[in-house]
Asks: 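Quick one: structure below, then a few questions.
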Amino acid sequence: MATFISHNPEETEALGRKLAERLASGAVVGLTGDLGAGKTRLVQGLARGLGVHGRVQSPTFALVNAHQDGRLPLYHLDLYRLDTLAQILGAGLEEYLAPDGVTVIEWAERWFESGKDTGPTAAPAGYKTIAFEVLDETRRCITYEGFGD
Ligand SMILES: Nc1ncnc2c1ncn2[C@@H]1O[C@H](COP(=O)(O)OP(=O)(O)OP(=O)(O)O)[C@@H](O)[C@H]1O
Ligand SMILES: [Mg+2]
């Protein structure tokens, strides 16, 4: 586990680029933290680090955005609009827990720490987490686990 204090969006994105170097095919990364904490910004860095060129934005309506032009396929999920575990499972997202590339999940606590519905499902083996805490307008405390430090 490691902690990083980000002072601006660029530092958050740079952390994402750095962490991308440690990802191999099959990795599943869960991002947690409040609205506007910087989850999508970090995913933009991960995508750049994986060599994705296209625009990376939150897949709030689509549920999943797939980016196929990087060193590994990147599947970007956002569970914000799914209120219950039943909805998450009903959306057919389980296949993304064993990806032929990298899966990143915004609002991952809705899946693995739910408590709102029938209870959490088990996170996949090797599951990595990145947790955001908003300290003030521009500072974020980012704690990451499973990346090898
Ligand atoms: N240190 C920082 N790191 C990241 N974003 C920051 C930072 N400081 C300020 N910001 C601002 O916070 C916002 C973060 O937005 P972003 O979409 O990445 O958050 P999010 O966690 O994905 O939110 P949501 O839950 O709505 O998906 C941006 O407007 C960004 O400019
Ligand atoms: Mg987001």
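Just so you know, ligand 1 is whichever comes first in the structure, and atom 1 is the first atom listed for that ligand. Here the structure is a predicted model, which means the values were calculated and not measured.
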Asks: Arg140 side chain to Glu137 main-chain N or O, any donor-acceptor pair under 3.5 Å?
Replies: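 A pair under 3.5 Å: yes.
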Asks: Measure the distances from the heavy atoms of Glu13 to every atom of ligand 1 and state whether one is below 4.0 angstrom.
Replies: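 Glu13: no contact with ligand 1 (<4.0 Å).
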Asks: Is the Mg ion (ligand 2) under 2.8 Å from any N, O or S atom of Tyr80?
Replies: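 It does not: Tyr80 brings no N, O or S atom closer than 2.8 Å to the Mg ion (ligand 2).
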Asks: Minimum distance, heavy atoms only, to atom 23 (O) of ligand 1: which one of Gly45, Ala37, Gly36 is it?
Replies: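 When every heavy atom of Gly45, Ala37, Gly36 is considered, Gly36 comes closest to atom 23 (O) of ligand 1.
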Asks: Using atom types as modelled and distance alone, determine if a side-chain donor or acceptor of Gln68 lies under 3.5 Å from a backbone N or O of Pro73.
Replies: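 Pair absent, no side-chain N/O of Gln68 close to backbone of Pro73.
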Asks: Any idea which part of Glu106 is under 4.0 Å from ligand 1, heavy-atom wise: side chain, backbone, both or neither?
Replies: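 Only the side chain of Glu106 comes within reach of ligand 1.
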Asks: Output the list of atoms in ligand 1 that are nearer than 4.0 Å to some heavy atom of Glu137, sorted by atom number.
Replies: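 The list of qualifying atoms is 8 (N), 9 (C).
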Asks: What are the two closest heavy atoms between Val29 and Leu23, and how far apart are they?
Replies: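 In this case the closest contact between Val29 and Leu23 is CG2-CD2, 4.0 Å.
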Asks: Could you list the atoms of ligand 1 found under 4.0 angstrom from a heavy atom of Leu35?
Replies: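 Ligand 1 atoms under the 4.0 Å threshold to Leu35: 23 (O), 25 (O), 26 (O).
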Asks: Is Thr103 reaching over with its side chain to a backbone N or O of Tyr96, donor-acceptor style, under 3.5 angstrom?
Replies: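 Here the side-chain-to-backbone pair exists.
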Asks: Does any N or O in the side chain of Lys128 come within less than 3.5 Å of the main-chain N or O of Val104, such that one atom is a donor and the other an acceptor?
Replies: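 A pair under 3.5 Å: no.
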Asks: Out of all atoms in ligand 1, which are within 4.0 Å of some heavy atom of Thr40? Include the element for each.
Replies: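 Once the distances to Thr40 are compared, the set is 17 (O), 18 (O), 20 (P), 22 (O), 27 (O).
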Asks: At under 4.0 Å between heavy atoms, which part of Asn8 makes contact with ligand 1: side chain, backbone, both or neither?
Replies: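 The part of Asn8 near ligand 1 is the backbone, not the side chain.
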Asks: Decide yes or no on side-chain hydrogen bond (donor to acceptor under 3.5 Å, both in side chains) for His76 and Gln57, but give the supporting numbers first.
Replies: CA-CA 9 Å; His76 181 187; Gln57 53 190 340; over 6 Å; no
Asks: Got a sec: is Glu106 within less than 2.8 Å of the Mg ion (ligand 2) via an N/O/S atom?
Replies: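 Looking at Glu106, which is the residue asked about, there is an N, O or S atom under 2.8 Å from the Mg ion (ligand 2).
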Asks: Look only at the side chain of Arg110 and the backbone of Tyr80, and say whether a donor-acceptor pair between them is shorter than 3.5 Å.
Replies: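 Judged by distance alone, yes, a pair lies under 3.5 Å.
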Asks: Heavy-atom distance to atom 19 (O) of ligand 1: which of Gly33, Pro9, Gly38 wins?
Replies: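 It is Gly38 whose heavy atom sits nearest to atom 19 (O) of ligand 1.
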Asks: Would you please determine whether Trp107 falls within less than 4.0 Å of ligand 1 on a heavy-atom basis?
Replies: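 It does, in that a heavy atom of Trp107 comes within the 4.0 Å cut-off of ligand 1.
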Asks: Quick one: does any side-chain atom of Asp78 pair with a main-chain N or O of Ser58 as donor and acceptor, under 3.5 Å?
Replies: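 Checking the backbone N and O of Ser58 against the side chain of Asp78, no donor-acceptor pair under 3.5 Å is found.
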Asks: Do we see a donor-acceptor contact under 3.5 Å between the side chains of Thr138 and Asn8?
Replies: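 Judged by distance alone, the side chains do not pair up.
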Asks: Once you restrict to heavy atoms under 4.0 Å, what part of Asp34 touches ligand 1? Side chain, backbone, both or neither.
Replies: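 Only the backbone of Asp34 comes within reach of ligand 1.
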Asks: Does any N/O atom on Arg41 come nearer than 3.5 Å to any N/O atom on ligand 1?
Replies: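 In this structure, Arg41 places an N or O atom under 3.5 Å from an N or O of ligand 1.
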